[in-house]
Amino acid sequence: MNSIKLFFIDIHKNPIFLYGLVLLFGIQKTIAQTDYKLWLQYNKVANSEKITEYQAINKNIVTIGNSETIQIAAKELQNAFKSLINKTVPLSNKTAESANIILANESNLSPELLNQTKTELQKINNEGFVIKTIQLKNKPQILITSKKDIGLLYGIFHYLRLLQTNQSISNLNIIDSPNTNVRILNHWDNLNESVERGYAGSSIWNWQKLPDFIDQRYIDYARANASIGINGTVLNNVNANALILTPQYLEKVKALANTFRPYGIKVYLTARFSAPIEIGKLNTADPLSSEVQQWWKDKAKEIYKYIPDFGGFLVKANSEGQPGPQNYGRNHVDGANMLADAIAPFGGIVMWRAFVYSEHDADDRAKQAYSEFVPYDGKFRDNVIVQVKNGAIDFQPREPFHPLFGAMPKTPLMMEFQITQEYLGFSTHLVFLPKLFQETLEADTFSKGKGSSIAKIIDGSLDNHQLTGIAGVANIGSDLNWCGHPFAQANWYGFGRLAWNPNLDSKTIAEEWLRMTFSNDEKFVLPVQEMMIESREAVVNYMTPLGLHHIMDTGHHYGPGPWVSNLSRPEWNPVYYHKADKNGIGFDRSSTGSNATAQYAPEVAKEFNDIAKCPEKDLLWFHHVSWDYKLKNGATLWNGLALKYQEGVNQVASMQSTWNKIKPYVDEQRFNEVEMLLNIQQKEAKWWRDACLLYFQQFSGKDLPSGVEKPTQTLEYFKSLKFPFAPGNN
Ligand code: BDP
């Protein structure tokens, strides 16, 4: 037993080694490999007509230019063709005339090729690409071109996606560029290799072995990110450790930066505000002190010696106990601008987080970031971007959009989504997050009248900003399948696709991902796509329906804990958020309550503020509602709430039945994994339903309506459940 365990631990981080063992021992199931390959499975194309079409076009590849990036792109094409269409396609740097696929950036195009693509090239930015079927000597060829080589890499991944999803590749004319500049993962990884809110094993950064040992995972990570257009990574936790800024660690960061560079990925770090004291031996970190300013300038210079294209800093300051400018009586602008000045000469940026709330502020937590940041609008340096979570509380299954979006037109704002499922069932529950992301991106802030969507704020088009970005808190760890749940990979994938184009439809993303990751068979794709889309509403229903929020058990945030009321900070207690009493339930944020609704543009505020107009999905977020209140469907609030919880449970049951039906289309291992995880999800959806309804019933004093199953246990039982070793809660 022990040796088996050891075997698994050893192979954990090294799939190539695993593959070797599999060959050696003749083990048939190489499925661990399958999971590891993410959406880049490159399964052999099953449709014979498509194979013929693809084989006819992809005969040889010519690259013009010799950067590492272009070589990676060409090799990727070659490898992919081998598995997709079982063809060894020669690669050369001969003349374009002899090619079928030409890879070259615009500066390497012959006048003739340039002539055929110059209008398209004018429409792309530095990371964009053009894929065009052109005629050379009357022969059709596919030209993949761009301004810079990174565009070629993005271009080939787009091209391969067409093959992976069995689309036609004749007469192509694709012009595509990312809508945002900074498309970045935020790793909440600690230097001891634990991951805050990480549910997929430990950190993939092996700080102990760096800089000399480059794990194959780093390369695979960079490749996967490049395939979806992610171009930045913050390596360490927002709850930062200053040691990352010491020479010993900068050497290691440099090794990672060198590995990621050819894939177009820049490295960023979190900056602990008190670093000048902790590692600089100063006795203050006051941003207005000239010695502190000098310290950061010197530190920036030092960092850029190691990493000439270092991206910049992400900062969590004066939030949840982290140090910041307020420790010295200064404000967020003083802090952010001081760092921005230090890093500006080298082209770096500062991503300053707006996730702030204080136990000393008696006002509604949902209002605090807005109150604090709006007066700073227009006061930050040009290389500062303020990073705002999608909602005003904290990555809940559903939140109305954060009121800061639209309220700081003179400041670039970047979106912070959470890909790791801190409040959504960890890596155990299947929840397709792009649906949630899309809901936020599509929300209309009305800041400049109708049509002022968050997508337009994020991509800079509404307020005319050049610096733009989207961050996602990574769900990546050392698990063999990277994300802990086969379907959690779709959330990484979908985040990248939406960061590239915030207007994409989550349904399209689900379909692409399924085809690339599992199968192109319609009998598989359609039902599973539907299941993924539905999964977001399911989790809302069985955890926090009708606008409830933050009623997870505290600390680890797994499972229900609406009864928790004993934590030192009031806004850490679930009772603060649901406010259930005999009169009703919900947080009154209307003008009769905390008046958080007034932080939105008048058109939006009017809707949220009026209980009759407020969308029911957000009802209890904005209103304290009587148990007998009549919902739009005629049910009382109590009955409606109970039925929503039941609906969530039923939705998971229907996800299970969908999954059981698609068994013939999925490999055994992934089928079994998802089946087991859905079984847990089903049990836990019931746990949520029963625990919450039993608890709220104490206040409503009403029976469960017909259609809602009887609780499986007592409230006391649910309250007694404890999870001292839940992952991700350091
Ligand atoms: C909360 C997490 C906490 C993070 C914090 C943050 O519970 O671990 O440090 O957000 O975003 O969601 O800073």
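Side-chain atoms are counted along with the backbone in the values below, which use heavy atoms only and exclude waters and symmetry mates. Just follow the structure's listing: the first ligand is 1, and inside any ligand the first atom is 1. What you see is a predicted model; the values in this text were computed from it and never measured.
- Under a cutoff of 6.0 Å and an axis angle of 45°, Arg536 and Phe432 do not form a cation-pi pair.
- A cation-pi arrangement is not found for Lys435 relative to Phe437, the charged atom failing to lie both closer than 6.0 Å to the ring centre and inside a 45° cone about the ring normal.
- The aromatic rings of Phe426 and Tyr199 lie parallel to each other, with less than 30° between the two planes, well short of the 60° mark.
- A cation-pi arrangement is present between Arg217 and Trp482, with the terminal nitrogen or guanidinium carbon under 6.0 Å from the aromatic centre and inside a 45° cone about the axis.
- Using modelled atom types, one finds no donor on one side chain facing an acceptor on the other under 3.5 Å when comparing Gln368 with Glu372.
- With Arg353 as reference, Glu416 is the one residue of Glu416, Gln322, His332 to meet the side chain to side chain donor-acceptor pair (under 3.5 Å) rule.
- Residue-level contacts of ligand 1 at the 4.0 Å heavy-atom threshold are Trp188, Glu196, Arg197, Val238, Asn239, Lys316, Glu320, Arg353, Phe355, Lys389, Asp394, Glu422, Tyr423, His557.
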